[in-house]
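A short worksheet on the structure shown next.
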Amino acid sequence: MNLDTPIPTSVPVLVAGGGPVGLATAVELRHHGVRCLVVEPRASVSWLRPRAKTTSARTMELLRRWGLAETLRSRAPLPVSWSQEAVFVTNLLGREITRIGACFGLDLVGSDLAAEPGQQAPQPLVEEVLREAVGDALLTGWQVSGLSEDADGVTVRVAPAGGGEEREIRAQYVVGCDGPRSVTRAAIGARYEGRQDERPNFNIVFRAPGLADRIPHGPAVHYWVLDPAQPGIVGRLDLKETWWCIAQGVRAENADPVRLLRTLAGADIDVEILATDPWTARMLLADRYTSERVFLAGDAAHQNPPFGGHGFNTGVGDAVNIGWKLAAVLKGWAPARLLATYESERRPVAADTIEAAAVNMATGAPELADPSLMGDTAEFEKVRPAVAEAVLRTKDSEFHSLELVLGYTYAGSPIVSPGAGERLPHRWLAPGDSLYDHLGPGFTLLGDQNSSEAAVVTAEARALGVPLHLADLPDEPLTLVRPDQHVACRGTTPQGALRHSLAHDL
């Protein structure tokens with residue numbers, strides 16, 4: 001920590017917390033040319049407790065939009081082509097029960113459904129890529145200790161992470177990405193609503209030389225161990241010797257990590273424990289996301305179980321939504337009341353995600369485990385079809401959730417025209433040439449630019465000072481696309497569409 005680092009006295013936007021959501025907020029603001037400061041207590045990113053490991057197809061599309069998708073893929077320890085399967089087994093070295101393919105959108109390479117497939121990448125790598133993109137807008141070694149809001153802005157108090165004298169920074173707006181114990185959430189009087197699962201979980205990151213060569217099931221994104229003696233999930237962090245696992249039903253005070261791993265493997269494997277992390281799942285949603293000038297995003301606003309890989313990906317969606325709206329207000333092409341639509345658009349998405357993840361969690365490895373699976377060959381074969389059927393019936397939504405990941409909509413939002421609000425349907429115009437690559441950083445008008453309707457929108461953009469990119473694609477229906485790639489309006493009656501989309505009429 002360098003306490004001599006110059007700290008600005010004022011900034012247009014201050015982001016509290018530099019995890020993946022706070023960093024994504026800063027990247028989105030930079031995408032629109034808006035200065036910000038991210039305040040983060042951690043000087044560096046630790047790889048010992050990676051937690052999130054799935055970057056969804058939608059988040060990868062947003063990374064592509066920022067020019068970062070290929071950077072992340074090139075540095076990911078597991079290539080997207082390595083595996084897209086979840087394998088359900090008695091033990092890592094035991095019998096295979098069944099498998100599920102096309103997991104987490106990893107199979108979407110070249111598909112018209114998405115501009116990018118999903119990517120298995122540990123959260124620390126995502127943070128490192130985003131830190132590099134944020135550059136000198138990241139202030140590490142400091143944390144937000146409090147804030148007070150008035151009609152003209154927000155006074156933010158920051159303090160050294162290890163203790164020391166506070167300083168004040170004046171911001172026009174604050175985005176709170178400071179996690180479950182959010183200072184910003186408390187400052188605006190918001191509170192979590194929801195529940196916590198009673199079942200304990202115990203994460204282990206470990207090194208196991210030679211383990212991969214002994215597993216008879218081939219590559220997998222996840223290995224689900226259905227041994228009643230110790231059910232859990234195991235996966236690789238890289239193609240070397242580093243692994244992770246979730247031992248389900250294990251309390252920290254009773255945990256023997258080596259014994260747990262050997263039970264999951266079904267053999268006395270050699271392991272080196274790198275880190276452990278006990279946790280319980282939470283299904284929590286802030287009762288409100290905003291005040292006039294402070295906004296909550298990511299875990300500060302919502303928490304969900306990790307099953308399905310939706311956690312930080314939902315937060316990145318928050319970051320893009322509030323980011324482009326703050327840019328529109330600060331750049332002067334939208335009124336401040338546009339910011340009120342952040343909560344009305346994003347909170348329902350988080351609520352749906354929490355419930356979907358809770359459904360995924362309801363049937364885990366402990367519920368699927370059957371003692372007969374551990375018997376002799378005859379016992380195993382007798383019970384295997386029923387267990388396989390239960391796996392395929394109950395876990396399909398966990399691994400195939402594109403309707404949630406790609407299909408959420410802002411239909412009904414006060415700034416979305418009737419019949420619109422969904423993510424722009426994707427297609428490839430040519431190999432490697434995504435429709436999304438033809439969108440601008442601000443609003444985009446797709447379709448025949450020689451039409452009289454297009455001229456109406458172009459004139460309105462000029463009058464309002466709105467950055468409007470024109471994508472002359474005569475085969476596309478005339479479509480007004482927001483900066484976040486969601487459809488604002490479509491059809492042949494565009495008069496006032498931009499005014500409506502920017503809350504001028506609210």
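Here the closest heavy-atom approach between residue Ala190 and residue Asp287 is recorded as CA-OD1, 3.4 Å. Closest of all the heavy-atom pairs between Arg490 and Pro425 is NH2-CD, 4.2 Å. When all heavy atoms are compared, the tightest approach of Ser501 to Leu480 is OG-CD2, 4.0 Å. Considering every non-hydrogen atom in both Leu239 and Pro77, the closest pair reads CG-O, 3.8 Å. Of all the heavy atoms in Leu113 and Leu406, the pair that sits closest is O-CD1, 3.8 Å. Heavy-atom minimum distance, His32 versus Pro441: CE1-O, 2.8 Å.
Each of Leu92, Asn203, Val205, Val234 was evaluated against Cys245; a single residue qualifies, Val234, per the side-chain contact (heavy atoms from CB on, under 4.5 Å) test.
Remark: Gln120 CD to Leu106 CG distance equals 5.5 Å, nearest 0.5 Å. Atom CG of Leu211 sits about 8.0 Å away from atom CZ of Arg236, to the nearest 0.5 Å. To the nearest 0.5 Å, atoms OG1 (Thr353) and CG (Leu404) are separated by 4.5 Å. A distance of 6.5 Å separates CG in Leu130 from CG in Leu68, rounded to the nearest 0.5 Å. Asp484 contributes atom CG, which lies 8.0 Å from atom CZ of Phe443 (distance to the nearest 0.5 angstrom). Going from atom CD1 of Ile204 over to atom CH2 of Trp244 covers 11.5 Å, rounded to the nearest 0.5 Å.
For Lys331 (side chain) and Gly33 (main-chain N/O), a donor-acceptor pair under 3.5 Å exists by modelled atom type. A donor-acceptor pair under 3.5 Å links the side-chain atoms of Ser291 to the main chain of Val294, judged by distance alone. Looking at Trp324, its side chain never comes within 3.5 Å of a backbone N or O of Gly442 through a donor-acceptor pair. Between the Glu28 side chain and the Gly323 main chain, no donor and acceptor come within less than 3.5 Å of each other. Between the Asp112 side chain and the Trp428 main chain, a donor and an acceptor come within less than 3.5 Å of each other. With Arg293 contributing its side chain and Gln172 its backbone, the two residues share a donor-acceptor pair below 3.5 Å. Remark: side-chain polar atoms of Glu241 are not paired, donor with acceptor, to backbone N or O of Gly210 under 3.5 angstrom. At least one donor-acceptor pair under 3.5 Å links the side chain of His469 to the backbone N or O of His438. Panel note: side chain Tyr342, backbone Tyr289; no donor-acceptor pair is recorded below 3.5 Å. In terms of modelled atom types and a separation under 3.5 Å, the side chain of Thr479 and the main chain of Pro477 share a donor-acceptor contact.
Residues Ile233 and Phe307 meet the side-chain proximity criterion, which asks for heavy atoms closer than 4.5 Å. Counting only heavy atoms from C-beta outward, the side chains of Ile97 and Leu368 never approach each other to under 4.5 Å. Inter-residue side-chain proximity for Trp224 and Val391 is flagged as unmet; no heavy-atom pair is nearer than 4.5 Å. When side chains are defined from C-beta on, Leu326 does not count as touching Val34, because their heavy atoms never get closer than 4.5 Å. Annotation: side chain of Glu345 is in contact with side chain of Asn321 (closest heavy-atom distance under 4.5 Å). Leu470 is listed as a side-chain neighbour of Thr458, based on a closest heavy-atom distance under 4.5 Å. With a 4.5 Å cut-off on side-chain heavy atoms, Asp318 and Val349 do not count as touching. At a threshold of 4.5 Å between non-hydrogen side-chain atoms, the residues Gln485 and Arg58 count as touching.
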Let me check something: any side-chain donor-acceptor pairs from residues 308-316 under 3.5 Å, sequence neighbours excluded? List them with distances.
residue: Asn313; atom: OD1; partner: Ser56; partner atom: N; Å: 2.9
residue: Asn313; atom: OD1; partner: Ser56; partner atom: OG; Å: 3.3
residue: Asn313; atom: OD1; partner: Thr59; partner atom: OG1; Å: 2.7
residue: Asn313; atom: ND2; partner: Thr54; partner atom: O; Å: 2.9
residue: Asn313; atom: ND2; partner: Gly309; partner atom: O; Å: 2.8
residue: Thr314; atom: OG1; partner: His310; partner atom: O; Å: 2.7

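By the 30° and 60° cut-offs, the orientation of the rings of Phe399 relative to Phe88 is perpendicular.
Residues satisfying the side chain to side chain donor-acceptor pair (under 3.5 Å) criterion with Glu128, sequence neighbours excluded, are Trp47.
Judged purely by distance below 3.5 Å, without hydrogens or angles, the side chains of Arg51 and Gln123 never pair a donor atom with an acceptor atom. Inspection of the Ser417 and His500 side chains reveals no N or O donor paired with an N or O acceptor under 3.5 Å.
Annotation: Glu193, atom CD; neighbour count of heavy atoms from other residues, nucleotides and ligands within 6.0 Å is above 12. Environment of CZ in Arg75: crowded, with over 12 heavy atoms of neighbouring residues, nucleotides or ligands closer than 6.0 Å.
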Any chance you could lay out the side-chain contact (heavy atoms from CB on, under 4.5 Å) test for Val13 and Phe295, step after step, and finish with the verdict?
-> CA-CA 11 Å; Val13 182; Phe295 308 87; over 6 Å; no
Tell me, with the steps shown, if Asp238 and Lys240 meet salt bridge (Lys or Arg N to Asp or Glu O under 4.0 Å).
-> CA-CA 5 Å; Asp238 56 37; Lys240 298 177 182 178; over 6 Å; no
Salt bridge (Lys or Arg N to Asp or Glu O under 4.0 Å) between Glu422 and Arg482: does it pass, once the steps are laid out?
-> CA-CA 10 Å; Glu422 78 280 13; Arg482 305 184 342 172; over 6 Å; no
Kindly indicate, with the supporting measurements, whether the criterion side-chain contact (heavy atoms from CB on, under 4.5 Å) is fulfilled by Gln143 and Asp178.
-> CA-CA 9 Å; Gln143 60 191 7; Asp178 46 349; over 6 Å; no
Trace of the salt bridge (Lys or Arg N to Asp or Glu O under 4.0 Å) decision for Asp136 with Arg30 | CA-CA 11 Å; Asp136 60 6; Arg30 176 165 287 197; 3.6 Å; yes
Do Arg64 and Glu61 pass the salt bridge (Lys or Arg N to Asp or Glu O under 4.0 Å) test, and can you show the C-alpha distance, the side-chain angles, and the key distance before you say yes or no?
-> CA-CA 5 Å; Arg64 181 188 183 109; Glu61 288 182 335; over 6 Å; no
Where do Leu478 and Leu445 land on the side-chain contact (heavy atoms from CB on, under 4.5 Å) test, with the steps shown first?
-> CA-CA 7 Å; Leu478 196 68; Leu445 186 65; 4.0 Å; yes
Audit row: Leu439, Arg65, side-chain contact (heavy atoms from CB on, under 4.5 Å) steps and yes/no | CA-CA 9 Å; Leu439 304 179; Arg65 176 171 164 271; over 6 Å; no
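Geometrically, Arg185 engages Tyr192 in a cation-pi contact, judged by NZ or CZ lying under 6.0 Å from the ring centre and within 45° of the ring axis. A cation-pi arrangement is present between Arg346 and Tyr408, with the terminal nitrogen or guanidinium carbon under 6.0 Å from the aromatic centre and inside a 45° cone about the axis.
Centroid-to-centroid, the aromatic rings of His222 and Phe104 come within less than 6.0 Å.
Between Lys395 and Glu367 there is no salt bridge, since none of the side-chain N atoms of the basic residue sits less than 4.0 Å from a carboxylate O of the acidic one. With respect to Arg195 and Glu355, a salt bridge is recorded, a charged nitrogen being found less than 4.0 Å from a carboxylate O.
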